[in-house]
Amino acid sequence: MTPTRRQALAGIAALPVSFRAFASSPAGHWSNTLIAAARRQIGVTRYYDPAYVRLDYPRGDVPADRGVCTDVIVRAFRDAFDVDLQKAVHEDMERAFGAYPEIWGLSRPDRNIDHRRVPNLETFLTRQGARRPLPRYRSGWLPGDLATMRIDGLPHIAIVSDRFGRSGARKVIHNMGWGAQEDDVLRRFDLVHRFRFAPSAA
């Protein structure tokens, strides 16, 4: 893995967000909507580009043809539910900056990049009550789950698909270095967290 790729993955990624974390809800309409929004990025987002970019706020984004693993998540939630994780993460970090990882030497939130870092999304989702135990078996993953993992020790995040791969595990939709793809990788890497984050019926 090249230093650029290593640096890229390392950088990536009480609350009034219009979401409710469901403890054990089966796959349903919301998960189908999320997966479809993620799948629409395939063929559009063709490059892995971790460059720091000054973004509009709220609803800022890098060009649609590029991004990192977290951009797949951010775009899917915006497209599926009109929910802006850039704004949600930024506002939560303003309220509780000390709860977030001290990895990047920052003294205050940065709305251009915070939501694009996996450890920050892990913290945000945990604070939302969306964290669930890792399944004992790969078959325990549900469509619409968010899976975080470590690739050579570096953080990565993906949306669990409703389709299965040849390994017998569900595929994931993510950007691991060559654009948005749907891949059979749940058996390949060290899984760290499982999140189930559904839009609130309210």
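These numbers were taken from a predicted model, which means no experiment stands behind them. Here, residue 1 is the first one in the sequence, and each next residue gets the next number.
In this structure, Gln181 and Val172 have side chains that are not in contact, with every pair of non-hydrogen atoms separated by 4.5 Å or more. The side-chain heavy atoms of Tyr137 and Pro135, taken from C-beta on, include no pair separated by under 4.5 Å. A 4.5 Å side-chain heavy-atom check between Phe81 and Leu34 finds at least one atom pair inside the cut-off. Leu106 places a side-chain heavy atom less than 4.5 Å from the side chain of Phe97. Using a 4.5 Å cut-off on side-chain heavy atoms (C-beta onward), Leu186 and Leu191 make contact. Two residues are said to be in side-chain contact when any heavy atoms from C-beta on lie closer than 4.5 Å; Leu142 and Arg196 meet this criterion. Contact check for Pro155 versus Arg150: side-chain heavy atoms found under the 4.5 Å cut-off. At a threshold of 4.5 Å between non-hydrogen side-chain atoms, the residues Leu121 and Phe195 do not count as touching.
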Worked check of side chain to side chain donor-acceptor pair (under 3.5 Å) between Arg39 and Ser161: CA-CA 9 Å; Arg39 194 172 281 137; Ser161 174; 3.2 Å; yes

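A side-chain donor-acceptor contact under 3.5 Å links Asn175 to the backbone of Gly177. Between the side chain of Glu182 and the main chain of Ile173, no donor-acceptor pair closer than 3.5 Å is present. Side chain of Asp71 to main chain of Val68: a donor-acceptor pair is present (N/O by atom type, distance under 3.5 Å, no hydrogens or angles). Under the 3.5 Å distance criterion, the side-chain polar atoms of Arg170 are left unmatched by any main-chain donor or acceptor of Gly165.
The two residues Ile159 and Leu146 have their closest heavy-atom pair at CG1-CD2, 3.6 Å. Closest of all the heavy-atom pairs between Ile35 and Gly144 is CD1-N, 3.6 Å. Residues Ser167 and Asp184 approach most closely at OG-OD1, 2.7 Å, considering heavy atoms. Here the closest heavy-atom approach between residue Cys69 and residue Tyr48 is recorded as N-CE1, 4.1 Å.
Remark: Pro101 engages Ile103, Trp104, Pro119, Asn120, Thr123 in a side-chain contact (heavy atoms from CB on, under 4.5 Å) (not counting sequence neighbours). For Ala99, the side-chain contact (heavy atoms from CB on, under 4.5 Å) criterion is met by Ala96, Arg127, not counting sequence neighbours. Under the rule for a side-chain hydrogen bond (donor to acceptor under 3.5 Å, both in side chains), the partners of Thr45 that lie at least two apart in sequence or sit in another chain are Arg75. Shown here are the side-chain contact (heavy atoms from CB on, under 4.5 Å) partners of Ala64, two or more places apart in sequence or in another chain: Val44. Qualifying salt bridge (Lys or Arg N to Asp or Glu O under 4.0 Å) partners for Arg78, counting only residues two or more places apart in sequence or in other chains: Asp84. Residues satisfying the side-chain hydrogen bond (donor to acceptor under 3.5 Å, both in side chains) test with Asp82, not counting sequence neighbours, are Arg59. With sequence neighbours excluded, the residues satisfying side-chain hydrogen bond (donor to acceptor under 3.5 Å, both in side chains) with Asn112 are Tyr52, Asp110. For the salt bridge (Lys or Arg N to Asp or Glu O under 4.0 Å) test, residues two or more places apart in sequence or in another chain that qualify with Asp79 are Arg40. Asp190 meets the side-chain hydrogen bond (donor to acceptor under 3.5 Å, both in side chains) test with no other residue; sequence neighbours excluded.
For residues 43-55, every residue pair satisfying the salt bridge (Lys or Arg N to Asp or Glu O under 4.0 Å) rule, not counting sequence neighbours, is listed here: Asp49-Arg66. Residue pairs satisfying the ring-ring contact (aromatic ring centres under 6.0 Å, His included) criterion with at least one member in residues 161-191, sequence neighbours excluded, are listed as follows: His156-His174.
Membership of the apolar cluster around Leu55 extends to Val53, Val62, as traced through chained side-chain contacts below 4.5 Å between ILVMFWY residues.
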